[in-house]
Amino acid sequence: MAASIAVTANYVLQPPPYALDALEPHMSKQTLEFHWGKHHRAYVDNLKKQVLGTDLEGKPLDHIINKTYNNGDLLPAFNNAAQAWNHEFFWESMKPNGGGKPSGELLALLERDFTSYEKFYEEFNAAAATQFGAGWAWLAYANDKLKVVKTPNAVNPLVLGSFPLLTIDVWEHAYYLDFQNRRPDYIKTFMNNLVSWEAVSARLEAAKVASSSSA
Amino acid sequence: MAIRCVASRKTLAGLKETSSRLIGFRGIQTFTLPDLPYDYGALEPAISGEIMQIHHQKHHQTYVTNYNNALEQLDQAVSKGGTSAVVKLQSAIKFNGGGHVNHSIFWKNLAPVKEGGGEPPKGSLGSAIDTHFGSLEGLVKKMSAEGAAVQGSGWVWLGLDKELKKLVVDTTANQDPLVTKGGSLVPLVGIDVWEHAYYLQYKNVRPEYLKNVWKVINWKYASEIYEKECN
């Protein structure tokens, strides 16, 4: 079972690691105010209420996620738990003046597993664009390989047995104020201007350590 | 065979296909975006003109375009006998065909106030609602609660079960049409709870959208469908 990495805040709404207007003009302050301030906050608050008085209360977030995923037969707290995790992971996947091409080992691995950065870019874009309805697209790591994954609603790679490295939220609330229906433009903007490759590299290192220690 | 039914007029009975034309010798129809029977701003303040325009011209149009593409690909897959290719197209057909079906119903489910939007249902549908849900308020409360509880994207429906002759409230995920929840279910009122249906105006507060949308629900249309199916 994949260990969770980086996101450890249990039922606390952590602020993004930058000011709410710091991603402008690529992601507006208004979007952050609603997306973090309302949507993410609601997942955390509702999760707290939902686990109160149950045997999930006080358990680490990744434990709750795996338990309530229940092999795909989702239990009630899954949505709030996974979405709380996913959103914190999402804020940390971005940074002001981010985007562009990674370098070093991460680039080498992307070139190894996708044949080129451009091919990875295409595949990640396509996954994000074709996840129908609400969901997420991910770069994930499993069995010493990088892969692109897309998931519906609140599902994330943790429950699919791989380490998440990068995500883009493609629920409409993530882009509607800034891009309306134009999801492809949002995805391009994310890739070109927002991705924090530092965060991705750090997660990759943690994932390699976690896989080798459980091998 | 099921695939032919997808492209046939029968499945879309009750919807006026104002413009579709036959192309190719196999007779695969091309669908087009139906016009709205009112101006984009006519449903204000319940639903903003901005939302109506983007919802109709962008979202619904995209479903129509992609549905047509999927049908064309399906036609080729069927004629070349590639069963895997045919099966692979099923999700694109469900997403986009469902999107077209659902939104075509939705535009008829809405009406400006001055054209009867929000006026409670009379006649047999009104009585049936009272019988099954106690009152219109009871139905509205139930549908609003179920609509608010849809996780991710989907629809909340008032339907008629033709076989059991009773009204039902149900939800569908993504663009699944109501018929995917039961072959004898006929949609009477559908409310789109995808975020694109309300976000620009109501932001994250879906319950507020659900409270206000009832002011423009076109019960006359729902009654017509109900009476037709019951006779």
Side-chain angles (χ1 to χ4, degrees), chain A residues 28-47 50 68-69 74-84 86-87 126 129-136 150-156 169-186, chain B residues 33 48-67 69-70 88-99 102-103 148-155 171-176 180 192-209:
Chain A
S28 67
K29 177 182 182 196
Q30 194 194 26
T31 290
L32 266 295
E33 282 172 341
F34 280 99
H35 198 177
W36 173 77
K38 308 279 184 184
H39 291 272
H40 186 179
R41 186 184 304 276
Y43 290 126
V44 172
D45 290 348
N46 291 336
L47 174 64
Q50 208 167 19
T68 56
Y69 182 67
L74 310 181
L75 299 177
F78 178 76
N79 192 59
N80 288 321
Q83 286 291 79
N86 296 339
H87 282 85
T130 60
Q131 176 49 47
F132 194 75
W136 303 75
K150 62 184 182 184
T151 57
N153 298 337
V155 178
N156 63 33
D169 187 349
V170 292
W171 283 61
E172 285 175 328
H173 65 238
Y175 58 90
Y176 217 83
L177 296 178
D178 296 340
F179 294 93
Q180 293 81 60
N181 61 299
R182 292 170 289 118
R183 193 195 286 188
D185 288 347
Y186 159 65
Chain B
L33 183 68
S48 73
E50 187 188 17
I51 286 180
M52 289 305 293
Q53 181 164 7
I54 297 173
H55 203 173
H56 180 247
Q57 282 183 359
K58 306 287 182 185
H59 292 276
H60 190 176
Q61 178 65 69
T62 300
Y63 290 127
V64 170
T65 303
N66 291 344
Y67 183 43
N69 290 339
K88 203 169 145 197
L89 285 166
Q90 295 307 301
S91 62
I93 288 168
K94 187 160 87 155
F95 296 161
N96 295 295
N102 294 339
H103 286 85
V150 169
Q151 283 166 10
S153 310
W155 293 73
T171 60
T172 56
N174 299 328
Q175 291 300 348
D176 295 358
T180 59
D192 191 349
V193 293
W194 280 63
E195 287 170 330
H196 66 238
Y198 61 88
Y199 207 81
L200 293 177
Q201 185 177 355
Y202 294 95
K203 311 292 192 303
N204 58 301
V205 196
R206 192 194 287 177
E208 196 61 24
Y209 157 66

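Letters go in sequence order (proteins before strands), and every chain restarts at 1. Nothing here was measured: the structure is a model prediction, and the numbers come from that model.
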Chain B contacts, top residue of A/A154, A/G133, A/A42 (heavy-atom pairs, under 4.5 Å):
A/G133

If only side-chain N and O atoms count, and only distance matters, is there a donor-acceptor pair under 3.5 Å linking A/H87 with A/D169?
yes

Contact origin within B/H59 toward chain A - heavy atom pairs under 4.5 Å
side chain

Return the orientation label for the A/Y175 and A/Y186 ring planes: parallel under 30°, perpendicular over 60°, tilted otherwise.
parallel

What residues, two or more places apart in sequence or in another chain, satisfy salt bridge (charged side-chain N to carboxylate O under 4.0 Å, His left out) together with A/D178?
none

What residue in A/W171, A/Y176, A/F132 has the most heavy-atom pairs under 4.5 Å with chain B?
A/F132

Using side-chain contact (heavy atoms from CB on, under 4.5 Å) as the criterion, list what pairs up with A/Q131, not counting sequence neighbours.
A/K150, A/P152, A/V170, A/R183

State, to 0.1 Å, how close A/A134 and B/G152 come at their nearest heavy-atom pair, and which atoms those are.
CB-CA, 3.9 Å

What part of A/E33 lies closer than 4.5 angstrom to a heavy atom of chain B: side chain, backbone, both or neither?
neither

Please look at A/N153 and chain B and tell me whether the side chain, the backbone, both or neither of the residue comes under 4.5 angstrom of a heavy atom of that chain.
side chain

